[in-house]
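Below is one structure, written out as structure tokens; comments come after it.
Numbers here are sequence positions counted from 1. Only heavy atoms go into these numbers, but all of them, side chains included; no hydrogens, no water, no symmetry mates. For ligands, and for the atoms within them, numbers begin at 1 and follow the listed sequence.
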Amino acid sequence: YMTSAEAGQYVLKASDAARPEATGQICSGAQAGLLGLVGERRELVVLDNATTHPRYAPPAETGGQAFDTFLGVPLIYYNELLGVLVCWRQVSARFDKDEVSFCVTLAAQLAKVIYEASNAGVVFELVHNGAEANAYIQGVQAATGVAIGTATLLDPLANLESVPNRQAEDIGAQEAAFRAAVLAVQAELVASSERLANVLPNEVRELFDVYIMLLGSDSLVADTLARIRGGNWAPGAWRDTISEHARVFDRMEDPYLRSRGEDIRELGTRVLVQLQSGFEDSRPYPERCILVGDAVSIQDIALVPAGRLVGVVSHQGSAFSHTAVLANALGIPAVMSLSSLPVGLVEGTTIVVDGDEARIYVNPSRALLDAFEQQMDGQKALSAELMKSRDLPAQMVDGVRLPLFANIGLDSDIDLARNCEAEGVGLYRTEYQFLLRDAFPIEEEQYQSYRQLLEGFAPRPVTIRTLDVGGDKILSYFPLEEDNPFLGIRGIRFSLAHPEIFMIQLRALLRANAGLENMQILFPMIAKVSELDEALELLARAHRELMEEGQPTAKPKVGVMIEVPSAVFLTKALAARVDYISVGTNDLAQYILAADRTNARVTTPNDTLHPAVLNAIDMIIRDAHAQSTPVSVCGEMAGDPAGALVLLGMGVDALSMSPASFGRVKLVIRAFTSKRARALADEALEQEDEKQVRDLLNDALEGAGMLRHWPRVEDRAGSDVGTFTE
Ligand code: PEP
Ligand code: MG
């Protein structure tokens, strides 16, 4: 039984009982009987004398025939009731423990499959008929704003089913690419088979022979070439050939032959991977490009030519994944965690990314486009209004000033930072430059890039953070294979484990500061005092070496990031050793709440307002101030109006945020007195959960007439679909 749109109503979807014709029957209320009870309770119900139970009703699937023994398990996927699996036993005998255990396990596994299949079905419909329905797919909020553009698939070839059709512009080139890919895979298979000759049992080796034979068969190759000549590009033609041939085997009675269908698909993927390497650089980017992919990365964003990227849609990720952080910095709307978007079907279609509501619309109707265009005009007007506050001081009603700094990482956001009247750069993420390359940059290259940055802002201070790779920032040329990358070699751990790489960066930084002296170095992910001591020692050594070599250099101010819970408790010791502290709330919330920042199932934009996180920040501020060390905050929280307000109240000395957030945060600062902000912070620190904190702060912002300036941060989960309403 599946739940229907109406609460408490169930539809019999499939039955192995005597009356299969009952399929499609709807039941609800008393008529639903015991299955309704299972759905209400959302727990397993096993009964020996079912007919005597007060909720018993004759089951539809048996044609009303009474059975005594009942077992019902809810089908639940991430807390969502999808249906109920019901078993009746004709002979009166208990279900034994193995049977119960089997049904519970089956239901859990089935729920996932049903969820994905039904979502995929609904989404498929949407993609094809969305124009009529104005329907949307719900994701989670990653960066606000609205964009209309053309869906551009990232890595469209990663899996065979999602390869889109594309008109072959040069048929000869497509044929040649295909033939080359087939030859390469054949060579690869022959080589593997020979290499493993003595290691593998014969039956496994035979598999290689089957693949080689299949690839050599005329039909696969000839069919594909015919399709290419028909106008499709090689990956699209290959996809069709493979699915046609695999289907023939799928239909066979004989299990051995049937499994050959899988072999064909496996072969399909191998050739596809080869083809992929030949097409990588030829991807066209439309004028108004919306990147769509399984996991859109920082590198993918950086590859889009300047000015073309207007939106990001990613299956994976959440508000705090680095891709979201970057989209925010660039002011580009982003929606993530749409688990059932059939990406292959959307390539080239018009998409609306509604980052405020965390929804996307595929093939929107004219009326829908008009509504969103109007909304975008409204947003432009609002940004213009916010821009007006750009030149006003970030000063509270009672005159207390709060310096605002910009977070940057890509060259494109340097200009944004200059235009937003920041007092300087509060966080420059050096790893972005490392991520966009295919080898470690040498000292001279790093020097040039840091120097340019420092010159661009001098005399304003620029905080440059040393390499913070690991977690969701993996260098393609230095992959770290770890089971738990967020708890592995990240940030300073990487730099200390690789002094040869760290020293190059430190030398480049110290040289860049010579004569300008506006640089502040920042060490990420410090978890132990000894790590800071080691990093400081290496910095001192780099300085000594440069002096000995007679190179111009200047010692910078040094700061430490507090973003690991252990560091919170070491604030006094850390603060005594450095010039300033910068709180990384993205990671601090992730580690305090044990919730992977890239996983939208466990992370919400409210996490940084969690009372545990707030109390940690409060402790950092108090302990650092006791050492007269200033504290700034550079996580996304600083750019969230509610976050900024509570941080103001706790007494931070500076905030650093995406340039796109400047206008609204300035408005907040200018609307409150420090006394009122302190009172709000004190109240927030006393709350028990993050929702309460969000409500408290939103009420205060609303009271100050602020909330109309930006979309509410919402805590939504799942990838539902729905219909647009104005
Ligand atoms: C943070 O963790 O809050 C932070 C600013 O660093 P990043 O987001 O780059 O990890
Ligand atoms: Mg961090």
Which N/O/S atom belongs to E563 and is the closest one to the Mg ion (ligand 2)?
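Closest to the Mg ion (ligand 2) among those atoms: OE1.
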Relative to the Mg ion (ligand 2), which of the N, O or S atoms in D587 is the closest?
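Considering only N, O and S atoms, D587 comes nearest to the Mg ion (ligand 2) through OD2.
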Can you work out which protein residues put a heavy atom within less than 4.0 Å of ligand 1?
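Only H322, L427, R429, R465, D468, K473, R490, M561, E563, G584, T585, N586, D587, R597, C634, G635 have heavy atoms that fall under 4.0 Å of ligand 1, ordered by chain and number.
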Restricting to side chain to side chain donor-acceptor pair (under 3.5 Å), what partner residues turn up for E455, sequence neighbours left out?
R451
Charged N-O contact under 4.0 Å between R437 and E445
yes
Electrostatic pair E444-R511, nearest N-O below 4.0 angstrom:
yes
Of all pairs that satisfy side-chain hydrogen bond (donor to acceptor under 3.5 Å, both in side chains), the ones with a partner from residues 559-573, not counting sequence neighbours:
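Found none.
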Applied to residues 464-501, the ring-ring contact (aromatic ring centres under 6.0 Å, His included) test, sequence neighbours excluded, yields F440-Y477, F440-F478, F478-F494, F478-H498, F494-H498
Modelled atom types, side-chain donor and acceptor of Q590 and D607, under 3.5 Å:
no
Given side chains that start at C-beta, do those of H322 and Y432 come closer than 4.5 Å, heavy atoms only?
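In contact.
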